[in-house]
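A quick write-up on the structure given underneath.
Residue numbers begin at 1 in each chain, while the letters A, B, ... track the order of the sequences.
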Amino acid sequence: MENTFAISVTVNGTPYQRSVDPRTLLSDFLRYDLGLTGTHVGCEHGVCGACTVLLDGEPVRSCLLFAPQVDGHEILTVEGLGTLDDLHPLQEAFRETHALQCGFCTPGILTTLLPYLEENPNPTEEEIREAISGNLCRCTGYQHIIDAVKLAAENMNP
Amino acid sequence: MKPAPFKYYAPTTVPEVLSILKEHGYDAKVLAGGQSLVPMMNFRLVQPAVLVDINNIPDLSYIQNYEKGIRLGAMVRHSQAEHDSQIKERVPLLHETMPQIATTQIRNRGTIGGSLAHADPSAELVAVTTALKARFKIQNLEAERWVPASEFFVGLLMTTLEPEELLIEIEIPGLPSRSGWSLKEVARRPHDFALMGVAAVLTLDKKDRCQSARLVYLSAGDGPLVAEEAAALLQDQEISEDLINAAAEKAATEEIDPGSDIHATADFRRHLANVLTRRALAEAYQRAKGGK
């Protein structure tokens, strides 16, 4: 069934026009069509949270959206946070506290936390655990991630 | 590519959706929030030839007061309902339910109408709308009809929706004065599918006796499971701990019909139902007494 769909989408501030097969998942569109491989693909059915991106500022599972659905919208991926030379304070805090080992879950956790910390500048440990409850990490046991979020909250709201 | 190929439509009005559905019948699937449908498509458990995306219809995302309660457009997202002050005030059970549904990322996309049309018996909204006696507005190209929640869910992932019909609106009446409510559930991990859950609604008369009671279970059968005999035990009685225990025992051992799977045995689910019913009724009773 040949049927393509033309979309315009802004990703990390850059506008893109592409023609896609409608069954292309947003996660695959970002990785294969745009080469933005920072968004990781884990379970591909909405459980693990690794593919979380911001759609118009809200965290969503990019594996549960089809590319045509983001036509006319704005996406932020982990590549939009900071650069190697100029990390986002959240990324800096993850590095500082050793909040990642293999790093597979990290992009999804960072994109989940970015809007969360803007709305909740001083979360308690319990609130942080709730905030990342939609993101699985199999390395850290979460403790260092909690530490990172606390540190980031301090640094971002001194 | 995970899902099988499909033809994609993104209509912007309800009549457009209805005419596409009429044309394609059983070959078409409606894409609302996609938080249940897309996983099933990724696994190719569902392979619709035609996908009708209704996310571009702005008129289906309203939350309105009406004299008896709240009306919700079918495309109201979980996160929108979760933070809505009218819902908090007028349908507090729904307000308390929202954060218990799935994770933030899922709630940002998932819709009330989508969850109801999907009719997963472990979905909180399926049990809660049944407990609150909600009714649903359904349209096809020619007509509309209203269906009460008690008749809408007809089996495992099955509703009375015909292929050419669309769920448009959910109408949830508020509770009478002197009513209390509670939703209790147990899941292995926060926000995961509940192994067992119960929505309780209780209304007291002037003498503090039970004027009406409703107990609706999730993950307890093929659809929302209404424990009528347990509720009948409470009817016209003064609520006591013994009575609550008796109702919980009746519902858990005689009325619900939970299955065994990798997550829990049926026996364990019955045990959970018993404990959760006691907690839910106790909380609903306290709230009913408090709210004159």
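- For the atom pair CD of A/Glu58 and CZ of B/Arg107, the computed distance is 11.5 Å after rounding to the nearest 0.5 Å.
- Of the two parts of B/Met40, neither the backbone nor the side chain holds a non-hydrogen atom closer than 4.5 Å to a non-hydrogen atom of chain A.
- Taking B/Leu31, B/Asp192, B/Thr104 one by one and counting their heavy-atom pairs under 4.5 Å with chain A, the maximum is reached by B/Leu31.
- Between chain B and the residues A/Leu25, A/Asp28, A/Leu65, A/Thr24, the most heavy-atom pairs under 4.5 angstrom are made by A/Leu25.
- Here OG1 of A/Thr52 is found 10.0 Å from CG of B/Asn108. Values are rounded to the nearest 0.5 Å.
- Few gaps surround CD on A/Glu92; more than 12 heavy atoms of other groups in view lie less than 6.0 Å from it.
- At a threshold of 4.5 Å between non-hydrogen side-chain atoms, the residues A/Arg61 and B/Thr103 count as touching.
- Heavy atoms from other residues, nucleotides or ligands lying under 6.0 Å from CZ of A/Phe5 number more than 12.
- When the shell of 6.0 Å around CD of A/Glu125 is examined, it contains more than 12 heavy atoms from other residues, nucleotides or ligands.
- Considering CG of A/Asp71 and CG of B/Asn56, their distance stands at 8.0 Å, rounded to 0.5 Å.
- Counting non-hydrogen atoms of other residues, nucleotides and ligands closer than 6.0 Å to OH of B/Tyr62 gives a total above 12.
- Other residues, nucleotides and ligands contribute at most 12 non-hydrogen atoms within 6.0 Å of the CZ atom of B/Arg279.
- Between A/Pro22 and B/Phe6 the shortest heavy-atom distance is O-CZ, 3.6 Å.
- Atom CG of B/Asn55 and atom CD of A/Gln69 lie 5.5 Å apart (nearest 0.5 Å).
- Evaluated for a side-chain contact (heavy atoms from CB on, under 4.5 Å) with B/Lys2, the options A/Glu44, A/His45, A/Arg23 yield exactly one hit, A/Glu44.
- Looking at A/Phe66, the atoms closer than 4.5 Å to chain B (heavy atoms on both sides) all sit in the side chain, from C-beta outward.
- Of the two parts of B/Leu51, only the side chain, counted from C-beta on, holds a non-hydrogen atom closer than 4.5 Å to a non-hydrogen atom of chain A.
- Side-chain N/O atoms of A/Asn135 and B/Gln105 include a donor and acceptor closer than 3.5 Å.
- Between the side chain of B/Asn42 and the backbone N or O of A/Cys63, at least one donor-acceptor pair lies under 3.5 Å.
- Both the backbone and the side chain of A/Leu64 come within less than 4.5 Å of a heavy atom of chain B.
- When heavy atoms are compared at a cutoff of 4.5 Å, B/Ala4 approaches chain A solely by way of its backbone atoms N, CA, C and O.
- In B/Lys137, the NZ atom is crowded: over 12 heavy atoms of neighbouring residues, nucleotides or ligands sit closer than 6.0 Å.
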